[in-house]
Visitor: 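What follows is a single structure, and I will ask about it in a moment.
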Protein chains: 2
Amino acid sequence: MRRWPEIVPSIPSSSTPSHPRVRARRGEGERLREEILDAAEGLLIETGDESALSIRSIADAVGVSPPSIYRHFADRNDLVYAVADRQWCHLTFAMDRATDGLDDPWTRITARGRAYIGFALANAEQYRVIMMGRPDAIPPGKADDLPPGYEHLVEDVRAAIASGRIRHHDDPILVATGLWMLVHGITSLLIAKPDFPWPPRDQLVDHALEVYESGLSGGPENRL
Amino acid sequence: MRRWPEIVPSIPSSSTPSHPRVRARRGEGERLREEILDAAEGLLIETGDESALSIRSIADAVGVSPPSIYRHFADRNDLVYAVADRQWCHLTFAMDRATDGLDDPWTRITARGRAYIGFALANAEQYRVIMMGRPDAIPPGKADDLPPGYEHLVEDVRAAIASGRIRHHDDPILVATGLWMLVHGITSLLIAKPDFPWPPRDQLVDHALEVYESGLSGGPENRL
DNA sequence: TGTACATCAGTGAACGCGCGTTCACTGATGTAC
DNA sequence: TGTACATCAGTGAACGCGCGTTCACTGATGTAC
């Protein structure tokens with residue numbers, strides 16, 4: 001069980017750089033690494049398919065020859081890992097931002113959940129890679145990693161239990177995991193079945209969170 | 001919105017037939033079709049990867065030459081569709097069996113949910129294809145299809161609302177969809193992250209269903 | 001201030017591979033006469 | 001009962017493709033002297 005690096009991610013543009021690329025100046029070779037990841041992410045969004053991330057197509061999108069990729073990534077897997085890793089950080093970042101300044105534990109929990117759903121749906125293909133894909137796409141040693149913001153969620157659950165907001169359930173890990181599964185279920189089904197005649201998304205999210213909250217708090221009479 | 005065919009599926013053996021295959025007798029050409037699907041499913045389970053289902057590897061597993069596949073399937077997509085379609089039927093069948101003979105609507109609902117989770121986890125790679133994969137793998141016109149047993153679930157929810165077992169929620173579609181999402185969330189996360197240090201599976205399932213049930217029934221004081 | 005040179009960023013061509021698909025075919029077998 | 005033949009199940013060889021990866025290389029650029 002490891003941490004994901006606590007870097008502050010910048011949401012990258014999905015733009016495919018125009019082809020005539022200017023060669024990095026000496027000492028600035030690392031620049032290409034970022035350009036590669038940007039291009040990979042752009043391709044991911046564009047094609048919606050992780051398997052479309054070929055060394056050649058990425059190199060082409062960056063405006064560079066395929067062997068150049070190998071200066072920065074050991075092989076294709078290593079590159080896909082890096083792409084997934086970035087998404088992981090973005091999701092964490094989005095949730096941290098959403099809970100910033102909120103004090104009430106349950107408010108923080110739902111805000112986190114809504115941010116999770118919102119961000120994941122806005123970045124569906126990236127979410128696919130990190131949460132719905134085969135474990136191959138996950139960097140080794142990260143497969144058993146905590147989900148984005150999991151520790152913070154557990155803290156909030158613990159606080160909600162302490163404050164009596166969550167009743168009849170005393171295991172914060174179990175409660176947090178259940179919440180994660182509900183939120184993931186909503187997110188991943190909407191992503192996997194975009195053509196299904198869903199009820200309005202907001203209604204769906206509200207309903208599910210409300211039912212779960214009601215179940216955790218001991219019934220509707222306890223609701224705000 | 002279309003129905004899946006109401007055929008009674010037989011759970012296929014995942015065995016890869018031994019190589020020296022006996023040619024089908026005249027008029028029995030359809031036999032190969034089933035052998036192909038069996039072999040494809042076997043490969044799917046074995047490799048855990050839909051992209052490993054190549055015409056060549058399937059032909060090899062059946063003990064037949066690649067062009068033979070085209071006698072029964074228009075192209076690779078068509079074949080993958082057929083594989084997914086079969087899984088769809090199996091899942092439906094498993095749930096119908098699990099609710100057989102049960103009368104109480106809520107008992108039926110949870111039995112259906114547990115059967116869904118149980119069957120999907122026992123056939124993880126197949127579940128991946130039909131519920132977690134890209135819509136490409138889903139036969140055209142089936143992408144907006146009802147999930148296995150959805151209508152029956154909605155019926156049971158309606159009955160549970162009528163009997164007062166589900167309170168404060170009057171839209172059976174919304175409730176059924178929420179239930180589906182919860183159950184799918186549990187299933188798909190367990191499949192996608194097999195190495196995560198989960199709480200015991202049964203505990204997780206029990207907890208989530210209990211919380212959701214409590215939320216739907218209006219609090220723990222209403223529980224059995 | 002000038003220059004040789006080590007280093008760095010990146011390239012062009014090629015490798016072997018497995019893939020989906022097509023083509024013209026083969027040889028067994030049931031059936032019409 | 002015998003046989004010619006249409007049909008059926010399946011084949012062998014080849015196509016063109018995109019892929020990951022490797023190799024020896026080029027040419028710009030900063031720097032030591």
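The figures that follow rest on heavy atoms only: side chains count, while hydrogens, waters and symmetry mates do not. Every value quoted in this text rests on a predicted model; they were computed, and no experiment measured them.
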Visitor: Can you list everything that forms a salt bridge (charged side-chain N to carboxylate O under 4.0 Å, His left out) with Arg25(A)? Sequence neighbours excluded, please.
Guide: none
Visitor: For DNA chain D, which residues of residues 65-80 of chain B approach it to below 4.0 angstrom with any heavy atom?
Guide: Ser65(B), Pro67(B), Ser68(B), Arg71(B)
Visitor: Can you tell me which residue pairs pass the side-chain hydrogen bond (donor to acceptor under 3.5 Å, both in side chains) test with a partner in residues 189-201 of chain B, sequence neighbours excluded?
Guide: none
Visitor: Nucleotides 31-33 of chain D: which of its N/O atoms have a protein N/O under 3.5 Å away?
Guide:
none

Visitor: According to a 3.5 Å limit on both distances, what stems of 3 or more consecutive Watson-Crick or G-U pairs are formed with DNA chain C?
Guide: C:2-33 with D:2-33
Visitor: With sequence neighbours left out, write down each residue that passes salt bridge (charged side-chain N to carboxylate O under 4.0 Å, His left out) with Arg108(B), or none if nothing qualifies.
Guide: Asp156(B)
Visitor: Any Lys/Arg nitrogen of Glu35(A) or Arg23(A) sitting under 4.0 Å from an Asp/Glu carboxylate oxygen of the other?
Guide: no
Visitor: Going by ring pair (Phe, Tyr, Trp, His ring centres under 6.0 Å), name the residues that satisfy it together with His72(A), two or more places apart in sequence or in a different chain.
Guide: none
Visitor: Taking side chain to side chain contact (heavy atoms under 4.5 Å, CB included) as the test, write out the residues that go with Ala124(B), two or more places apart.
Guide: Ile191(B)
Visitor: Under 4.0 Å from OP1 or OP2 of dG18(C): is there any side-chain N or O of Ser54(B) that close?
Guide: no
Visitor: By side-chain hydrogen bond (donor to acceptor under 3.5 Å, both in side chains), which residues pair with Asp206(A), not counting sequence neighbours?
Guide: Arg114(A)
Visitor: If only side-chain N and O atoms of Arg56(A) are considered, is one of them under 4.0 Å from the OP1 or OP2 phosphate oxygen of dG20(D)?
Guide: no
Visitor: Do any side-chain nitrogens or oxygens of Arg25(A) fall under 4.0 Å of OP1 or OP2 in dG30(D)?
Guide: yes
Visitor: Kindly state each residue pair satisfying ring-ring contact (aromatic ring centres under 6.0 Å, His included) with at least one member in residues 120-145 of chain B, sequence neighbours excluded.
Guide: Tyr116(B)-Tyr127(B), Tyr127(B)-His184(B)
Visitor: Applying salt bridge (charged side-chain N to carboxylate O under 4.0 Å, His left out), name anything that partners Glu30(A), two or more places apart in sequence or on another chain.
Guide: none
Visitor: Throw together a table of side-chain donor-acceptor distances under 3.5 angstrom for residues 63-71 of chain B, partners on residues two or more places apart or in other chains.
Guide:
{"unit_1": "Ser65(B)", "atom_1": "OG", "unit_2": "Ser68(B)", "atom_2": "OG", "d": "3.4"}
{"unit_1": "Ser68(B)", "atom_1": "OG", "unit_2": "Ser65(B)", "atom_2": "O", "d": "3.2"}

